[in-house]
Amino acid sequence: MTFLYTRSHSYQEPTPKQHPDQQMINLWNHVADKANWRIVQLPNGFYQTEYKDINDQDTWIDVTRRETIEGAESAIDGSVEHYTKKLEFLKGPKVVKTFK
């Protein structure tokens, strides 16, 4: 009995950057600051959250729409918290517990 052995190769695509570029980090720092956010009321009564464009201080970029102003502020707080965490993760692993 004859066995046929084959060898296969896997050619991977180049891996994407594991670390975001400086432009992305600057954006995360910008939107992690609540002072760069605002809430506007739309003609239909909804509230829209917007952050100031990092490149053009006169332009605002819309993000979400909510029915109440409290909901809109909560959405901003959630976004600020999200981007703050992303910036924390860039610092690398954090020791949460050690044993003796």
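Hydrogens, waters and symmetry mates are skipped; everything else that's a heavy atom, side chains included, is used.
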Measure the shortest side-chain to side-chain distance between [X] and [Y] over non-hydrogen atoms and say whether it is less than 4.5 angstrom.
X     : Y     : result
Thr64 : Arg66 : yes
Glu67 : Phe46 : yes
Ile39 : Ile69 : yes

Supply the atom-to-atom distance [X] [atom1] to [Y] [atom2], rounded to the nearest 0.5 angstrom.
X     : Y     : atom1 : atom2 : result
Tyr83 : Ile25 : OH    : CD1   : 14.0 Å
His30 : Lys52 : NE2   : NZ    : 7.0 Å
Ile76 : Lys34 : CD1   : NZ    : 6.5 Å
Lys86 : Glu81 : NZ    : CD    : 13.5 Å
Asn29 : Gln22 : CG    : CD    : 8.0 Å
Gln23 : Asp21 : CD    : CG    : 6.0 Å

Short question: side chain of [X], backbone of [Y] - any donor-acceptor pair under 3.5 Å?
X     : Y     : result
His82 : Asp77 : no
Thr84 : Val80 : yes
Asp33 : Asn36 : no
Trp37 : Thr49 : no

Will you find, in the side chains of Asp53 and Gln57, an N or O donor that is under 3.5 Å from an N or O acceptor?
no
Linked, directly or transitively: Val31 and Ile61 (ILVMFWY side chains, under 4.5 Å)
yes
Do Val63 and Trp28 belong to the same hydrophobic cluster, where Ile, Leu, Val, Met, Phe, Trp and Tyr are linked whenever their side-chain heavy atoms lie under 4.5 Å apart, directly or via other members?
yes
Worked check of side chain to side chain contact (heavy atoms under 4.5 Å, CB included) between Gln48 and Arg38:
CA-CA 8 Å; Gln48 179 170 281; Arg38 74 176 182 183; over 6 Å; no
Residues 87-96, side-chain donor-acceptor partners within the protein, below 3.5 Å, at least two apart:
unit_1	atom_1	unit_2	atom_2	d
Glu88	OE2	Lys91	NZ	3.1

